[in-house]
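Below is one structure, written out as structure tokens; the observations come after it.
Since this is a predicted model, take the numbers as computed values, not measurements. A, B, ... follow the sequence lines: proteins, then strands. Residue 1 opens every chain.
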2 protein chains.
Amino acid sequence: MTTGKESKPRRVTAKQVAQAAGVSRSAVSRAFTPGSPLDEGKKRKILQVSEQLGYRPNALAAGLQSRGRSNLVAIVTGDLVNHYDSEILAKLMRGLYAMGKWPVVLGGSAETSEAEILEVLAYPLDALILRGGSVDESVATHCAKLNIPLIVSGRVMDAEGVDCVCCDNMRGAELAVTQLIARGKTRLGYLGGLAHLSSDQERKAGFESALTKAGFKPAILEHSDFSYEGGYEALTGILSNDVELDGLFCANDAMALGAIAAGRQQFGLSIPSDLSVVGFDDIAIAQWPSFQLSTVRNDMDQTVSQILRLLTERLDQPEKASETILIKPEFISRGTH
Amino acid sequence: MTTGKESKPRRVTAKQVAQAAGVSRSAVSRAFTPGSPLDEGKKRKILQVSEQLGYRPNALAAGLQSRGRSNLVAIVTGDLVNHYDSEILAKLMRGLYAMGKWPVVLGGSAETSEAEILEVLAYPLDALILRGGSVDESVATHCAKLNIPLIVSGRVMDAEGVDCVCCDNMRGAELAVTQLIARGKTRLGYLGGLAHLSSDQERKAGFESALTKAGFKPAILEHSDFSYEGGYEALTGILSNDVELDGLFCANDAMALGAIAAGRQQFGLSIPSDLSVVGFDDIAIAQWPSFQLSTVRNDMDQTVSQILRLLTERLDQPEKASETILIKPEFISRGTH
DNA sequence: AAATGTAGTGAACACGTGTTCATGTAACGG
DNA sequence: CCGTTACATGAACACGTGTTCACTACATTT
């Protein structure tokens, strides 16, 4: 029926609308630019023809303009199997929509290759938000060269012009230790995640420092991978080696939940009378009736709103001095400590 | 120290590199285009200068080209609080990276406004992948007008040129009912999610049809919101009204887990001897030792690979006939039925 | 040596838009 | 009726790139 066009049909352009409506291409552009002076009747006509032809101004071409922004913001997220990462990603995205920005999401698995980040920098992003764990600091250099604002969250990066939003991990760990000791627990263990992440290192340091200050020594320092299964296996291993333990602080909630399951099922422990367990982050699952996990809240709403504030200000004043925001952790007392 | 520039500094351009390297701008473009003929020494020189100045070809400008693609693919995801949605999103994104496409993610909360989708269509997307729940079919019309391929997953959309990948929900529900009856359960209830979603309707229909075929009647048909808390409250309400129930089929895993918790904690039920519970989807949490949920697997790997296949083929042959792929569900037998 | 081919090169065009600029027209005040 | 002002208008430019098109210099073949 239709002529057998070989090439892929292209999107309707302003030129075609202009031709169909009997006006200049400039007028079409103006019809879609709120401030522009244009006859009301002509504007209606143009919008009607556009509707009919299915015309939408090409945001990509508009972003090419001198003053134009692409309105694209890349987010490097951590492993989405991690509930904390997926929950905060959802909140962050909604905040960006409200700002009229579109999130291009990278990462989402354990190893986010740096090459992937460099590739997306080919786009003239309005900003890059770095939330995943282990990314080299050289990313900051590349962003600086390309004049792309960089906002780091979940860790502190000490580089020129980089804004940071991070939880006060040491303080959070201290809170956990204090609360465990207040319940009379003294043989405390630490279950960390991937040891090369600064968040893990800081939580571990906070744990050790608070414990030392209270006059105790760690019963054990163990590492896993931030996953439920990892926590399950780690506590199984620890208790199989006859380590004396009455309290466990985990570097995130998933491992804490896994550890609780292992304690109950593999060793018949009663939580918290036999063993107290405290997590970190306060993901949604932590308050499920099945768990009622005591944990340290790593406040997502505050984190997201600070990221968005820094982003807005940075876009407004590119040369502004960079900031580092420390989010205050809060101990959430439930039933496992 | 630096001169107080008022305007935002712009990205380094090919023109500047050409000037600095003493070559034509064309040469710079060629240096970054693998197939192009260019003297080897000159190419090295250009790449070196680019490295030094921090030049990267602007992908946005390149995408404007006649044959160029933007390499942007929008994904409309469902509520990311939903674990199934966040897990499949992660897998889908990784698949897109492998294809050299960048995901622009929309949605992530219960109500994805259609206006949001229309706005992102301003970009010349290579494709739009629709995975959220309640989106009007008019999106298909808009995509068609803009020549943007549309791939729908999680539901079937009967529109010209739209490819679909969907789980066989009716078959899945039938599997669940069959397995419950095989365990001697006859007073079965259905706990649905948001009733306006087709996935919920199909699962409900499958439940009723299989039950009728076996000669039984539904003990109750209840609806909630696909959340853990919703499932908890729903079963609490049902059992409080003295409904006789020995088996419950839930439209997703989260509600099933909530129902299990409610049954155990609020009514002291033993699962599965007092009450069998079967979920749908098979999210990661379902196999946690704490739950060991029997469920119907809504296979993510198959779904994602089919989406990617359809995407590849559609980009290759825009005029190809549209397909609807039905993914076969599989019953996963664990400890709750 | 002449004819033919080949790789390299820069100018010019195309992509689709927002905006400036000069021009034209209508409204308004005197 | 004239001078001023305000507004509407289309042509032209800018944005940053990939690609085509002549054209040159050189190697190869006849």
What does the inter-axis angle of the helix from C/dA1-D/dT30 to C/dG30-D/dC1 come out as, five pairs per end, nearest 10 degrees?
-> 40°

Is there a donor-acceptor pair under 3.5 Å between the side chain of [X] and the backbone N or O of [Y]?
X: B/Tyr97; Y: A/Gly107; value: yes
X: A/Asp39; Y: A/Lys42; value: yes
X: B/Asp126; Y: B/Asn71; value: yes
X: A/Arg314; Y: A/Lys320; value: yes

Only residue of A/Thr303, A/Asp163, A/Ile75 satisfying side-chain contact (heavy atoms from CB on, under 4.5 Å) with A/Ser153 is A/Thr303

Please say which of A/Leu308, A/Val156, A/Ile307 ends up in a side-chain contact (heavy atoms from CB on, under 4.5 Å) with A/Val165.
-> A/Ile307

Checking C/dG16, D/dT9, D/dT17 against the side chain of B/Asn58 (C-beta onward), the nearest is D/dT17

Look at the side chain of A/Pro37 and decide which nucleotide, out of D/dT17, D/dA8, C/dT17, has an atom nearest to it.
-> D/dA8

Within residues 15-22 of chain A, the residues having a heavy atom closer than 4.0 Å to DNA chain C are none

Identify, residue by residue, the members of residues 41-52 of chain A with a heavy atom below 4.0 Å from DNA chain C, and return them in order of residue number, or none.
-> none

Counting any heavy atom closer than 4.0 Å, what does A/Leu60 reach on the DNA or RNA strands: base, sugar-phosphate only, or nothing?
-> nothing

Given atom [atom1] of [X] and atom [atom2] of [N], what is their separation to the nearest angstrom?
X: B/Glu40; N: C/dT9; atom1: CD; atom2: P; value: 11 Å
X: B/Arg10; N: D/dT17; atom1: CZ; atom2: P; value: 10 Å
X: A/Asp39; N: D/dG10; atom1: CG; atom2: P; value: 11 Å

Hey, can you tell me if B/Trp102 and A/Tyr123 have their rings parallel, tilted or perpendicular (30° and 60° cut-offs)?
-> perpendicular

Under 4.5 Å between any side-chain heavy atoms of B/Arg155 and B/Ser199, yes or no?
-> no

Can you check whether A/Gln48 reaches A/Gln52 side chain to side chain, under 4.5 Å on heavy atoms?
-> yes

Could A/Glu313 and A/Arg309 be called an ion pair, given the rule that one side-chain N must be under 4.0 Å from one carboxylate O?
-> yes

Name all residues meeting the ring-ring contact (aromatic ring centres under 6.0 Å, His included) criterion together with B/Tyr84; count only those two or more places apart in sequence or in a different chain, and write none if there are none.
-> none

Going 5' to 3' through nucleotides 18-24 of chain C, assign each nucleotide B (protein heavy atom under 4.0 Å from a base atom), S (under 4.0 Å only from sugar-phosphate atoms) or - (no protein heavy atom that close).
-> BBB----

Taken in chain and number order and not counting sequence neighbours, the residues that satisfy side chain to side chain donor-acceptor pair (under 3.5 Å) with A/Arg25 are none

Walk me through it: do A/Glu51 and A/Arg56 pass the test salt bridge (charged side-chain N to carboxylate O under 4.0 Å, His left out)?
-> CA-CA 9 Å; A/Glu51 172 68 26; A/Arg56 301 283 318 267; over 6 Å; no

